Amino acid sequence: MSEMEDVKAAEEQTTPATDATSKKEELVGETTEELPPEQIVTETIDEDGDEVEEITQITKKVVKRTMKITETSSTTKTSSLTAPAKLYGKDLSEYDDVDVETLLAQLSPEEINILAKEVDPDDNFLPPDQRCSYECTKDPTGPLNRKKLIEHINKQAIETPDQPEFEPYVKGTVRGKKWVPPPRDQRDVEAEEKIAIDLGDEYESALKDATQEEIIDLAAILGFHSMMNQDQYHASLLNKGQPVGMGWDGITKSTQQKVYPMDPPNDTDVEESIRRVKDDDEKLIDLNLNNIKNISEEKLEQLINALPGNEHLEVLSLTNVGLTDKLALLLAEAIEKSKTLRVLNVETNFISPPVIVKLVQALLKCRTIEEFRASNQRSQVLGNKIEMEITDLVEKNTSLLRLGLHLEFNDARHRVAAHLQRNIDRTGRQRRMGHFGRNYTIGFYQ
């Protein structure tokens, strides 16, 4: 007998099972017991207004009954005979003590591959190629060339003949069930009829005979810019006439970008500039070292150390020169001792937000700097704490007119902008008053 037949032959034999339980109650005796009386005293007011005590006596009786309960039950036992399940002629319980690792070690690589193809492990951490039972045994012919692969697929698609149809195509013959749209709700139809506007015969005839250009102009006048592209809309507003080849299906193309020539490389001689700064050359007013990437830290340190002794340099630009926090701290110390520097630009470098605060703090001791730029640093976001510190320092500065920093929070931006505007207004008034004073003094001496 086979294993499946052994399983099918397992029959459960059960005798009829009955389980009945009955209870019977019987009164054996009854006794009555009288409890001692209780008195309750309450104070009330009679009709004459006097306080009177009322005594209430309560008598209680307890009746005790003795009952006899008889319980009768009957139970029938059930016996079943079940044939044990088997696998490969053995009971399943015999496989409990089998060492799976030992069995796998005895298998050959070919047998393990066959076993792996029969099992799909439910493990998401395994790569798909290890979970898939299909394995390609062909050797690679070379590196992947996507263009040639697509050409090969297209060539095979063209050369492969189409499968013949069992039913030839006949024009006008409907095959299968034709799709019929569901009927529309009558309320939607009535709503559309109510929205319809009767323009009158005069307007309807005018719109019917209008050209496409006139309809586009009318749509632009009424503000229906979503019905046309941007070229048509702006041409209608400016009364330039519609572009040639543009209709309702016209496609708006982006405006051709203007090609500007590349900026020439910065050919400033760094060593010569450092020497002129040290010698306090009166002709060196503007020093631009932007985008010179081969400046060493030693040269930048020499330049920064020479700034306090210079009394003619007004504009210093150090954009994209690899300025670090160490050099920026030296620059902050040099700024405090500078006497003539008006514009300082250190954008696009590697200065951290706390060091930027040090630079802004150094501007308080240097009363000559009117413009300071330090945006686009290593950290794009300064943070609320840093922005508030910069805002407090800027509000204490009375000489700063322009600040090139990206402030994210509205409170900091508004406070800084308002204070810089006050500085600009105050500086303008002082210059006008100085100009008027000079004229008055000259006129007085004349």
Side-chain angles (χ1 to χ4, degrees), residues 268 273-274 276-278 280-290 295 300-377 382 386-407 412-413 415-432 434:
T268 305
S273 301
I274 295 174
R276 294 178 64 184
V277 172
K278 289 182 178 180
D280 194 9
D281 189 354
E282 59 181 10
K283 296 182 179 179
L284 183 61
I285 299 176
D286 187 349
L287 178 58
N288 187 342
L289 300 179
N290 295 343
I295 306 178
L300 288 174
E301 189 173 351
Q302 292 176 9
L303 174 64
I304 294 172
N305 292 332
L307 290 177
N310 191 288
E311 298 181 358
H312 295 87
L313 186 64
E314 297 182 1
V315 180
L316 177 61
S317 297
L318 298 174
T319 301
N320 194 19
V321 294
L323 205 64
T324 60
D325 286 346
K326 176 184 176 182
L327 297 174
L329 291 174
L330 294 177
L331 181 62
E333 297 176 0
I335 289 174
E336 295 178 357
K337 302 175 183 179
S338 179
K339 302 176 182 178
T340 58
L341 201 60
R342 293 190 304 103
V343 178
L344 177 61
N345 188 350
V346 291
E347 294 178 338
T348 317
N349 283 296
F350 303 99
I351 306 175
S352 61
V355 180
I356 294 178
V357 175
K358 296 290 185 181
L359 290 172
V360 179
Q361 187 176 7
L363 301 180
L364 293 175
K365 296 184 180 180
C366 178
R367 295 293 182 177
T368 59
I369 292 184
E370 300 177 353
E371 181 176 348
F372 175 70
R373 299 185 180 275
S375 61
N376 192 24
Q377 299 297 331
L382 299 176
I386 297 296
E387 290 190 9
M388 290 298 106
E389 291 181 3
I390 293 175
T391 303
D392 295 338
L393 294 173
V394 170
E395 288 180 340
K396 297 177 183 178
N397 196 319
T398 58
S399 61
L400 190 64
L401 304 181
R402 294 179 182 87
L403 178 65
L405 271 176
H406 176 69
L407 302 178
R413 286 204 304 267
R415 288 170 58 184
V416 169
H419 182 76
L420 294 180
Q421 186 61 43
R422 287 195 293 269
N423 288 350
I424 293 173
D425 296 341
R426 181 174 59 255
T427 304
R429 287 196 300 269
Q430 291 176 355
R431 290 177 179 175
R432 288 194 297 271

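Starting from 1, each residue takes its place in the sequence as its number. This is a predicted model, so every value here is computed, not measured.
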Colleague: Restricting to non-hydrogen atoms, name the atom on A374 and the atom on V346 that form the minimum distance, rounded to 0.1 Å.
Modeller: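 Residues A374 and V346, closest heavy atoms: CB-CG2, 3.8 Å.
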Colleague: Could you walk me through whether V315 and I285 pass the side-chain contact (heavy atoms from CB on, under 4.5 Å) check?
Modeller: CA-CA 6 Å; V315 180; I285 299 176; 5.6 Å; no
Colleague: Do L359 and L363 come close enough that some side-chain heavy atom pair is under 4.5 Å?
Modeller: no
Colleague: Measure across A362 and E336 and return the closest heavy-atom pair with its distance rounded to 0.1 Å.
Modeller: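 Here A362 and E336 meet closest at CB-CG, 3.7 Å.
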Colleague: Within this structure, what is the CZ-CG distance for the pair F372 and L341, rounded to the nearest 0.5 Å?
Modeller: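 Going from the CZ atom of F372 to the CG atom of L341 covers 11.0 Å.
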Colleague: Taking side chain as C-beta onward, heavy atoms only, is T398 less than 4.5 Å from R367?
Modeller: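 Contact flag for T398/R367 side chains = yes.
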Colleague: Taking all non-hydrogen atoms of both residues into account, name the closest pair between V357 and E389 and its distance.
Modeller: CG1-OE1, 3.6 Å
Colleague: How long is the span from the CD1 atom in I274 to the CG atom in L300, to the nearest 0.5 Å?
Modeller: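 One finds 7.0 Å between CD1 of I274 and CG of L300.
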Colleague: Between N349 (side chain only) and G322 (backbone N and O only), is there a donor and an acceptor less than 3.5 Å apart?
Modeller: yes
Colleague: Would you say E371 has more than 12 foreign heavy atoms packed within less than 6.0 Å of its CD?
Modeller: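 Yes - once you tally the heavy atoms of other residues, nucleotides and ligands closer than 6.0 Å, there are more than 12.
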Colleague: If only atom types and distance count, is the side chain of D280 paired as donor or acceptor with the main-chain N or O of E311 below 3.5 Å?
Modeller: yes
Colleague: Between N376 and T348, do the side chains contain an N or O donor and an N or O acceptor separated by less than 3.5 Å?
Modeller: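 Yes, side-chain donor-acceptor contact under 3.5 Å.
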Colleague: So, the side chain of E370 versus the backbone of L400: is there a donor-acceptor pair under 3.5 Å, distance only?
Modeller: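 Such a contact is absent between E370 side chain and L400 backbone.
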Colleague: Between the side chain of H419 and the main-chain N/O of N397, is any donor-acceptor distance below 3.5 Å?
Modeller: yes
Colleague: Is the backbone N or O of V355 less than 3.5 Å from a side-chain atom of D325, with the two atoms forming a donor-acceptor pair by type?
Modeller: no
Colleague: Once rounded to the nearest 0.5 Å, what's the spacing between atom OG1 of T319 and atom CG of L289?
Modeller: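 One finds 10.0 Å between OG1 of T319 and CG of L289.
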Colleague: Look up atom CD1 in I424 and atom CG in L401, then write down how far apart they are to the nearest 0.5 Å.
Modeller: 5.5 Å
Colleague: Grab the two heavy atoms, one from S399 and one from N423, that are nearest each other, plus how far apart they are.
Modeller: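 Looking at all heavy atoms of both residues, the shortest contact is N-ND2, 4.3 Å.
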Colleague: Side chain of R342, backbone of E314: donor and acceptor closer than 3.5 Å?
Modeller: no
Colleague: Applying side-chain contact (heavy atoms from CB on, under 4.5 Å), run through T340 and T368 and close with a yes or a no.
Modeller: CA-CA 6 Å; T340 58; T368 59; 6.0 Å; no
Colleague: For the residue pair K358 and A332, what are the closest heavy atoms and their distance?
Modeller: O-CB, 4.2 Å
Colleague: Side-chain contact, heavy-atom cut-off 4.5 Å: L307 with S338?
Modeller: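 Sidechains of S338 and L307: no contact.
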Colleague: Taking all non-hydrogen atoms of both residues into account, name the closest pair between V277 and L284 and its distance.
Modeller: CG2-CD2, 3.6 Å
Colleague: Does any non-hydrogen side-chain atom of D392 lie less than 4.5 Å from one of R415?
Modeller: yes
Colleague: Regarding D281 and H312, do their side chains bring together a donor and an acceptor under 3.5 Å, going by distance alone?
Modeller: no
Colleague: Applying side-chain contact (heavy atoms from CB on, under 4.5 Å) to N305 and Q302, what does each step give before you reach the verdict?
Modeller: CA-CA 5 Å; N305 292 332; Q302 292 176 9; 5.8 Å; no
Colleague: Not counting sequence neighbours, which residues clear side-chain hydrogen bond (donor to acceptor under 3.5 Å, both in side chains) with E347? List them please.
Modeller: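 Testing E347 for side-chain hydrogen bond (donor to acceptor under 3.5 Å, both in side chains), a comparison that skips the adjacent residues, returns S375.
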Colleague: Measuring from T324:OG1 to I351:CD1, what's the distance to the nearest 0.5 Å?
Modeller: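 Nearest 0.5 Å value for the OG1-CD1 distance: 8.5 Å.
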Colleague: Can you check side-chain contact (heavy atoms from CB on, under 4.5 Å) on L303 and L318, steps first, answer last?
Modeller: CA-CA 11 Å; L303 174 64; L318 298 174; 4.2 Å; yes
Colleague: Could you pull out all residues at least two apart from R402 that satisfy side-chain hydrogen bond (donor to acceptor under 3.5 Å, both in side chains)?
Modeller: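 R402: no side-chain hydrogen bond (donor to acceptor under 3.5 Å, both in side chains) contacts found.
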Colleague: Supply the atom-to-atom distance E395 CD to L420 CG, rounded to the nearest 0.5 angstrom.
Modeller: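 The distance works out to 10.0 Å.
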Colleague: Using side-chain hydrogen bond (donor to acceptor under 3.5 Å, both in side chains) as the criterion, list what pairs up with Q361, not counting sequence neighbours.
Modeller: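 None.
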